[in-house]
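Every chain is numbered from 1 and lettered A, B, ... according to where its sequence line falls, protein lines coming before strand lines. We use all heavy atoms of the structure for the numbers below, so side chains are in, but hydrogens, waters and symmetry mates are not.
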Amino acid sequence: MRAFHFGEPETPLYGVHHAPPLDVPGRRHAVVLCYPLLAEYMRVHRGMVMLAESLARSGFDVLRFDYRGCGDSAGDVAEATLTQWRQDICLACDEIASIAATRTVSAVGLRGGAALLASTQVRLHRLVLWDPILEGKTHLDSWIAMHRDMLEVELAEPWTAPNREEIDELLGYPINGALREELDALELPRDLVARCRRGNLVYGSTCRPCRGLDSDRFRVDEVDFDPGWDRYRALHRFLLPQPAIQRIVSLFEENAR
Amino acid sequence: MTETPCTFGAKGELFGVACLPATPSQRRTGLLLSNAGLIHHCGPQALYTELSRRVAARGVHALRFDLGGIGDSYNASQSTRYEERAVEDLTAAMDHLAHSQGVERFVLAGICSGADDAHRATVADPRVVGVVQIDGYAYPTPGFYARHYGSRLLDPKAYTNRVRKLVGGAPQRASESAVELNYRSFRTREEYARDLDLLNARNVQQLFIYTRSWRERCNYREQMRDAFGPERCHNLRVELFPRADHMFLTLSQRRGLLELLESWVAERV
């Protein structure tokens, strides 16, 4: 594991490269992991580390990274936008391609990271969407409900959500106007299946199944875990979703045979 | 200010991000931020990242890092007890900043179990000159019980919960609101009194912060002073955040916390 900064010198992004162990033949195939957004980031960190390590043990070069203003990356999250984060995904794909000296780059996106990834123009060998946000508007609604629960449960402060335009913070993160509008408009692209060469959607048993995506080039898999994405109390529960991790690793291994 | 990922520890098993000041303070001082429970080194909602950058702008070397087996660090310690491993890892972090940056004195800070770890490492290492505990140790006093039960006498929810309990139902959201208390091991009152004597002999400054989520342990500002006496607590400052939750998930409370921590740490330089 090697941590480093990459991207623009003024706002460097923080990345961690997991290389295949020395005794494992490399596949010359790189994988970028795209984290969920804001409040969901913290819950999945260890799970993403486990996924990165598992893929590396299978011979893949893996890069996980923090979006601008998030985690260890530079920048102010109060000014962040989805447009910037899409650019960050593209930068991360270029970076790992360069590090691993390969043109074969795939990516796994979780939750909001999946929706962002699906809406970038980056050319991927394989696209894996893990419990993707299907509609940003619904996602934002669930964060608003969780924020209300947090205030009521933890602080005994009744909260009536203000008009959508006036919401400026949710679950410990500032939400600027541009980000709110972009989140509201976020959705999986309608032409996803058509433009995806190889795609997979992996979802937990309590997430809403995605209909209309299953096809020759895009496989939908259900795995048994309950992430509780929409429950406030689950926000403090860390996810180590072994079934999903195993499924994703096996998808890559099968494909590489 | 520059940020540098680093590995350290006997086998390079520990991982952190050092935030180095452009103009270090004359007395090179380091701030160590270790995990709040299982949250990795960025802290809750990246609180540690922001605090590191703020104090680095004030000349302090900050290191946010993961204890063995948490976040990006591996566990290579032979110690079987978590408490011992945490102190070993914090000592290794101090050694790292001492060797790489010439830092000689340290402030340790932690939330929740991180506060307990910071206290134990402060007791163990004479290089520590200050410690911040957020929702850390607290000991009940008559004043605590008076407020604790007094507030319940005036709270209609307490009665409805009592009735629900008697008829076999779950209390209204009470179980959800409590922070899990059972995974932390606390120093006994006698042990803590001895610790305070030792830290006072070294003139270690302490900042205790309690949130609303910790009101089942501490519910008034003078509680530590009442528990241990004013003499033992003369180096101890207590601040209550009665409108903050354990993770500081509202921005106004988070801002208040960051301002307090930044200025308190800067005063230790």
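- Most heavy-atom pairs under 4.5 Å with chain A: of the set B:L38, B:T7, B:T49, this distinction falls to B:L38.
- Residue A:Y41 touches chain B through its side chain alone, counting heavy-atom pairs closer than 4.5 Å.
- Of the two parts of A:Y173, the backbone and the side chain both hold a non-hydrogen atom closer than 4.5 Å to a non-hydrogen atom of chain B.
- Using a 30° and 60° split on the angle between ring planes, B:W214 and B:F186 fall in the tilted class, from 30° to 60°.
- Contacts of A:L170 with chain B are absent, with no heavy-atom separation under 4.5 Å from either backbone or side chain.
- Interface remark: B:I70 contributes backbone atoms only to the contact with chain A (heavy atom separation under 4.5 Å).
- No side-chain N or O of B:T250 forms a donor-acceptor pair with one of A:E169 less than 3.5 Å apart.
- Neither the backbone nor the side chain of A:P12 comes within less than 4.5 Å of any heavy atom of chain B.
- Of the two parts of B:Y48, neither the backbone nor the side chain holds a non-hydrogen atom closer than 4.5 Å to a non-hydrogen atom of chain A.
- Salt bridge B:R254/B:E50: present, at least one basic N to carboxylate O contact under 4.0 Å.
- If you tally non-hydrogen atom pairs under 4.5 Å between each of B:R53, B:Q253, B:E3 and chain A, the highest count goes to B:R53.
- Per-residue counts of heavy-atom pairs under 4.5 Å with chain B were compared for A:L235, A:L171, A:D66; the largest is that of A:L171.
- A donor-acceptor distance shorter than 3.5 angstrom exists from the side chain of B:S73 to the backbone of B:F15, with no hydrogens or angles considered.
- B:R212 touches chain A through its side chain: at least one heavy atom from C-beta onward sits under 4.5 Å away, while N, CA, C and O do not.
- Outside the 6.0 Å centre-distance limit, the rings of B:F241 and B:H246 are not counted as a close aromatic pair.
- The aromatic ring centres of A:H147 and A:W143 sit 6.0 Å or more apart.
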Check against side chain to side chain donor-acceptor pair (under 3.5 Å), A:Y35 and A:H45: CA-CA 8 Å; A:Y35 276 74; A:H45 178 77; 3.3 Å; yes
